[in-house]
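To keep things clear, I will list the structure first and then write my remarks on it.
Computation of the quantities below employed the complete heavy-atom set of this structure, encompassing side-chain atoms and omitting hydrogens, waters and symmetry-equivalent molecules.
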Amino acid sequence: MRRQNKCEPITGWVVVDKPGGSTSTAVVGKVRCLFKAAKAGHGGTLDPLATGILPVALGEATKVMRFVTRFDKTYQFTVRWGQETDTDDVMGKIISESNKRPHREEIVAALGSFDEVLAQIPPRYSAVWVQGRRAYDLARQGIDTELAPRSVQFMGGKVLSMVSADETEMEVTCGTGFYIRALARDLGRMLGTYGHVTALRRTRLGIFDESHSIPLDKLVALGHSETKTLDLVACLKPLSAVLVGVPTLTVSDGDAARLRQGQAVVLRSCDAPAQSGEVVAVVAGNPVALVDYECGEMKPSRVFNNAG
């Protein structure tokens with residue numbers, strides 16, 4: 001009988017430089033296996049075509065993944081003009097064509113015309129829910145669906161280079177739920193032609209950028225090195241790395257113990273935060289729990305174990 005590897009009580013973030021051709025779920029599976037982590041997840045899905053920043057949460061860090069999805073993101077991508085595909089990227093089949101090719105000035109003007117908040121219709125092949133099912137599942141079955149526009153944030157974009165008359169490289173910063181593939185589709189139509197994404201790379205997700213990341217193949221190599229444990233642990237970012245902007249409150253060891261047991265804690269007025277809301281309770285600099293603070297009382301909503 002094959003013996004299963006024992007899970008390790010490891011917690012933190014690994015910022016993976018995702019390779020093209022892999023799904024985000026597959027990357028998470030490899031990272032989880034390397035670290036022998038009990039739990040793992042990712043912050044912000046990347047399409048199989050895409051490369052770049054994919055923060056992977058291990059252990060207790062999976063409890064704060066929602067904070068990562070709030071971060072703005074920066075992408076570099078290439079649009080091929082004159083063709084629209086059913087997936088809005090190079091992986092799909094061509095459904096419309098045009099001989100028109102936009103000039104750089106037209107593309108710059110089009111990018112500059114977008115408002116900070118856009119009503120964007122997601123691609124047919126996307127993970128949005130439609131009547132209890134994923135849009136991509138319906139699209140693969142040939143079921144036509146009308147996706148509702150969603151409000152997304154557009155923080156700005158620029159043309160990096162005109163690769164050729166057919167292709168343009170751009171950079172865009174945007175908020176959660178924004179689809180670069182949909183932007184390429186919409187830009188093409190705005191410019192009197194068609195467009196789809198041929199290359200896509202996420203260069204930043206909130207506080208994480210390329211300087212924080214490690215390519216997946218290098219991470220795998222470290223996992224096979226003689227100093228495996230030390231090398232892998234050195235790649236971890238703390239759980240608290242994604243709690244940027246969340247107020248912190250230092251608590252006593254006794255209060256920390258009560259919070260870890262799911263009990264509410266009443267604060268002395270001199271210790272109380274200035275405002276009600278979500279707070280990170282810490283002891284010795286390590287997060288103990290996310291708590292809801294109101295009227296001098298802290299109620300734990302998420303408790304962290306081994307988060308130091």
Q) Val197 and Ala184: which non-hydrogen atoms are nearest, and at how many Å? A) CG2-CB, 3.6 Å

Q.
For Ser161 and Glu169, which I'm curious about, is there any donor-acceptor pair between the side chains at under 3.5 Å?
A. yes

**Q.** Reference residue Lys63; test side chain to side chain contact (heavy atoms under 4.5 Å, CB included); the match among Leu290, Thr11, Asn305
**A.** Asn305

Q. Do you reckon Tyr194 sits in the same ILVMFWY cluster as Tyr179, going by side-chain contacts under 4.5 Å, direct or chained?
A. no

Q. So, Asp17 and Arg201, do they make that salt bridge, N to O below 4.0 Å?
A. yes

Q) So, Asp88 and Arg124, do they make that salt bridge, N to O below 4.0 Å? A) no

(Q) With rounding to the nearest 0.5 angstrom, report the OG1 to CH2 distance, Thr168 to Trp81. (A) 5.5 Å

Q: Could you check Arg204, Arg202, Lys158 and say which one makes a salt bridge (Lys or Arg N to Asp or Glu O under 4.0 Å) with Glu171?
A: Lys158

Q.
What I'd like to find out is whether the side chain of Leu222 reaches to under 4.5 Å of the side chain of Ile214, using heavy atoms alone.
A. yes

Q) So how far is it from His42 NE2 to Thr62 OG1, rounded to the nearest 0.5 Å? A) 12.5 Å

**Q.** Neighbour count >12 (heavy atoms, 6.0 Å) for atom NZ, Lys30
**A.** no

Q) Which pair of heavy atoms, one from Glu278 and one from Pro247, lies closest together, and at what distance? A) O-CD, 3.6 Å

Q: Show your working on side-chain contact (heavy atoms from CB on, under 4.5 Å) between Leu147 and Val130 and close with a plain yes or no.
A: CA-CA 8 Å; Leu147 301 181; Val130 182; 3.3 Å; yes

Q. Is the side chain of Ser96 donor-acceptor paired with the backbone N or O of Glu84 at a distance under 3.5 Å, no angle test?
A. no

**Q.** Positive for side chain to side chain donor-acceptor pair (under 3.5 Å) with Thr74, one of Thr203, Thr173, Asp209
**A.** Thr173

Q: Would you kindly confirm whether Met155 and Ile180 end up in one hydrophobic cluster when ILVMFWY residues are joined by side chain heavy atoms under 4.5 Å apart?
A: no

Q) Which heavy atom in Ser213 sits nearest to a heavy atom in Ile53, and how many Å separate them? A) CB-CD1, 3.7 Å

Q: State plainly whether one hydrophobic cluster holds both Phe77 and Phe114, where clusters connect Ile, Leu, Val, Met, Phe, Trp and Tyr through side-chain heavy atoms under 4.5 angstrom apart.
A: yes

Q. Distance-only, no hydrogens or angles: does the Ser240 side chain make a donor-acceptor pair with backbone N or O of Leu243 under 3.5 Å?
A. no

**Q.** Minimum side-chain heavy-atom gap Tyr293-Leu249 below 4.5 Å
**A.** no

Q: Please determine, by modelled atom types, if Ser164 and Asp166 share a side-chain donor-acceptor pair under 3.5 angstrom.
A: no

Q | Val233 with Val31, same ILVMFWY side-chain cluster at under 4.5 Å | A | yes

Q) Would Gln153 and Glu116 count as a side-chain contact (heavy atoms from CB on, under 4.5 Å) if you check the C-alpha gap in whole Å, the side-chain angles of each, and the deciding distance to 0.1 Å? A) CA-CA 6 Å; Gln153 284 189 303; Glu116 185 176 336; 4.1 Å; yes

Q: Would you give the length of the straight line joining atom CG of Leu259 to atom NZ of Lys299, rounded to the nearest 0.5 angstrom?
A: 13.0 Å

Q) Within the distance-only criterion (no hydrogens, no angle test), does the side chain of Arg181 pair as donor or acceptor with the backbone N or O of Pro123 below 3.5 angstrom? A) no

**Q.** Nearest-0.5 Å distance, OG1 of residue Thr25 to CG of residue Leu46
**A.** 11.0 Å

(Q) I'd like to know if the side chain of Lys18 reaches the main chain of Ser24, judged simply by a donor and an acceptor atom lying under 3.5 Å from each other, with no hydrogens or angles considered. (A) no

Q) Does the pair Leu236 and Val14 meet the rule for a side-chain contact (heavy atoms from CB on, under 4.5 Å), with working shown? A) CA-CA 5 Å; Leu236 283 174; Val14 185; 3.6 Å; yes

Q: Would you check if Arg185 and Ile121 make a side-chain contact, meaning some heavy-atom pair closer than 4.5 Å?
A: yes

Q: Please report the closest heavy-atom contact between Pro122 and Gln120, naming both atoms and the distance.
A: CD-O, 3.5 Å

Q: State whether the side chain of Arg80 and the backbone N or O of His196 hold a donor-acceptor pair below 3.5 Å, judged by distance alone.
A: no

Q: Could you pull out the closest heavy-atom pair between Val64 and Phe304, with the gap in Å?
A: CG1-CZ, 3.7 Å

(Q) When you compare the side chain of Pro55 with that of Lys237, does any pair of heavy atoms fall below 4.5 Å? (A) no

Q: Determine, using the 4.5 Å side-chain heavy-atom cutoff (strictly less than), whether Leu187 and Leu200 are members of one ILVMFWY cluster.
A: yes

Q) Do Thr193 and Pro102 have side-chain heavy atoms sitting under 4.5 Å apart? A) yes

Q. Just wondering, are more than 12 heavy atoms of other shown residues or ligands nearer than 6.0 Å to CD in Gln261?
A. yes

(Q) Measuring from atom CE of Met162 to atom CD of Glu167, what distance do you get when rounded to the nearest 0.5 angstrom? (A) 10.5 Å

**Q.** Check: Val291 main-chain N/O paired with Arg302 side-chain donor or acceptor under 3.5 Å
**A.** no

**Q.** Exercise: identify the closest heavy-atom pair between Gly92 and Thr87
**A.** N-OG1, 3.0 Å

Q: Begin with the C-alpha distance, continue with both residues' side-chain angles, and end with the deciding distance and a verdict on side-chain contact (heavy atoms from CB on, under 4.5 Å) for Thr176 and Lys73.
A: CA-CA 8 Å; Thr176 185; Lys73 310 162 182 68; 3.8 Å; yes

Q) Taking atom CE of Met91 as the centre, does the number of heavy atoms from other residues, nucleotides or ligands within less than 6.0 Å exceed 12? A) no

Q: State the CD1-NZ distance between Ile10 and Lys39, to the nearest 0.5 angstrom.
A: 13.5 Å

Q) So do Asp255 and Met298 actually touch side chain to side chain, heavy atoms under 4.5 Å? A) no

